[in-house]
Amino acid sequence: MSSAEKNGKAGTGDAQDALDAYLRLLESKGANSEVLALRRRVLSRLNMIVRGQPRTTTMFRSAVDALLSLCAPEDRPGAMTAAREYYYFWIGDVKKVTELNAKSGFTTSPVRLPVLASFDDLQQRMSDAGFDTYPPSLELYLGQLYELGSEEDVLGERGELLKPLLFLLHDQPHHPDSYRMAVDAMLLHLSDSCASETFLTIAREFFYYWLSFPDADVREQFGVPQPV
C-alpha cells in the first residue's frame, strides 16, 4: 500500500486538486476541450462516489464499477481509461505519474467503442459484420510465437482474444490512444479475472506489432507511427 493510501479517507478538496492536476496534464499534452470536458464530467462523478471513503485500491475499484454502471455502454471504455489514469493522481503517487508521463501513458484523443453484454456477443457482432480481414501485425505476432515454440492451443487462444480487439480497432485512428481504449473495452467484455489478466499480457505483447505493422492504407495515408 502506498503512503497516500494510508492517509485515511478521500477529501473533497484533495480529490478536486487531483482532478485539476490530471486535466492540466492532459491539456499540456494536447487534449482538446471536448476530451477535457468529458473527463471532467466523468471523474467529477467518480469523486462524488469516493467522497469520504477510505483511500484504498479496493475501494477505488468498487467505485469505478459503480461509475461504469451509470455510463452509457459506448462511454464505458473512455470512463474506464480516464479512471485508470486518474487513479495515480487520486492516491498522490507522483512517481508513478511521472513514469507514465515519460512513457506517454496518458490518452488525449476522443474514442468511442461499442460495449456489448458479453464476449460472446462481441464475437457474434464481429461475425455478423463479416469482419475477417486483419492487419499484418496479427500474422507476424503469431508467427513469431510459433517460431519460438508456442503450441497450437496457445496460438489459438491468443488469436481468439486479439481478433475481437482488432475488430474494435478497425474504424479507429491508428494511434496508441485508440489501442489503450480498445483494450479497456475488451476488458469490459471479459468477466473472468483470469481471462482479463491473460488478455492484458497478450495485449501488451501485441501492441508494438500492431503499432509498427498496420494495414497498407494506414501506411500510405499516415506513415507508420513510431513506438512509444
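Worth saying up front: this structure is predicted, and the values here are computed from it rather than measured. Note that the numbering runs from 1 along the sequence shown for the chain.
- By the 4.0 Å N-to-carboxylate-O rule, R41 lies too far from D75 to be salt-bridged with it.
- Partners of T81 by side chain to side chain donor-acceptor pair (under 3.5 Å), not counting sequence neighbours, listed by chain and number: D184.
- A continuous path of ILVMFWY side-chain contacts below 4.5 Å connects L200 to Y179, so both sit in one hydrophobic cluster.
- Remark: M59 CE to Q53 CD distance equals 6.0 Å, nearest 0.5 Å.
- In this structure, CZ on F60 lies 11.0 Å from CG on D65, to the nearest 0.5 angstrom.
- By the 6.0 Å contact criterion, CZ on F131 is enclosed, its count of non-hydrogen atoms from other residues, nucleotides or ligands being greater than 12.
- Of the possible donor and acceptor atoms, none in the side chain of S127 sits under 3.5 Å from a partner among the backbone N and O of Q124.
- Connection of Y208 to L166 is established within a shared hydrophobic cluster, with ILVMFWY side chains joined at heavy-atom distances below 4.5 Å, either directly or through further cluster members.
- Within a 6.0 Å sphere centred on CZ of R125, other residues, nucleotides and ligands contribute 12 heavy atoms or fewer.
- No chain of hydrophobic side-chain contacts below 4.5 Å, direct or via other Ile, Leu, Val, Met, Phe, Trp or Tyr residues, connects V35 to L19.
- At least one donor-acceptor pair closer than 3.5 Å links the side chain of S178 to the backbone N or O of P173.
- Between K103 and E99, at least one side-chain nitrogen of the basic residue sits less than 4.0 Å from a carboxylate oxygen of the acidic one, meeting the salt-bridge criterion.
- Between R180 and D177 there is a salt bridge, since a side-chain N of the basic residue sits under 4.0 Å from a carboxylate O of the acidic one.
- How far CE of M48 is from OG of S44: 9.5 Å, rounded to the nearest 0.5 Å.
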With salt bridge (charged side-chain N to carboxylate O under 4.0 Å, His left out) as the test, would you mind laying out the steps for R51 and D14 before giving the verdict?
-> CA-CA 10 Å; R51 183 178 180 180; D14 289 344; over 6 Å; no
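- The salt bridge (Lys or Arg N to Asp or Glu O under 4.0 Å) search around R24 returns none, not counting sequence neighbours.
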Between L122 and M186, does a side-chain contact (heavy atoms from CB on, under 4.5 Å) hold up when you go through it step by step?
-> CA-CA 9 Å; L122 177 60; M186 276 288 294; 3.8 Å; yes
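- Here the rule is side chain to side chain contact (heavy atoms under 4.5 Å, CB included) with V183, and of F206, F207, F199 only F199 fits it.
- Note that CG of L190 and CG of L161 are 6.5 Å apart. Values are rounded to the nearest 0.5 Å.
- A donor-acceptor contact shorter than 3.5 Å is absent between the side chain of H189 and the backbone of V115.
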Please test F89 against D17 for side-chain contact (heavy atoms from CB on, under 4.5 Å), starting from the C-alpha separation and ending with a verdict.
-> CA-CA 9 Å; F89 289 83; D17 289 344; over 6 Å; no
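- Of the candidates H175, R39, R84, K29, T107 forms a side-chain hydrogen bond (donor to acceptor under 3.5 Å, both in side chains) with just one, namely R39.
- Rounding to the nearest 0.5 Å places OG of S33 at 11.5 Å from CG of L38.
- Side-chain N or O atoms of R76 include one that pairs as donor or acceptor with a backbone N or O of L68 at under 3.5 Å.
- Pairs passing the side chain to side chain donor-acceptor pair (under 3.5 Å) check and including a residue from residues 155-171, sequence neighbours excluded, read Q123-E160, Y141-R158, R158-E205.
- In this structure, V94 is not a member of the same hydrophobic cluster as Y22, with clusters built from ILVMFWY side-chain heavy atoms closer than 4.5 Å.
- When atom types are taken as modelled, the side chain of S150 and the backbone of Y146 share no donor-acceptor pair closer than 3.5 angstrom.
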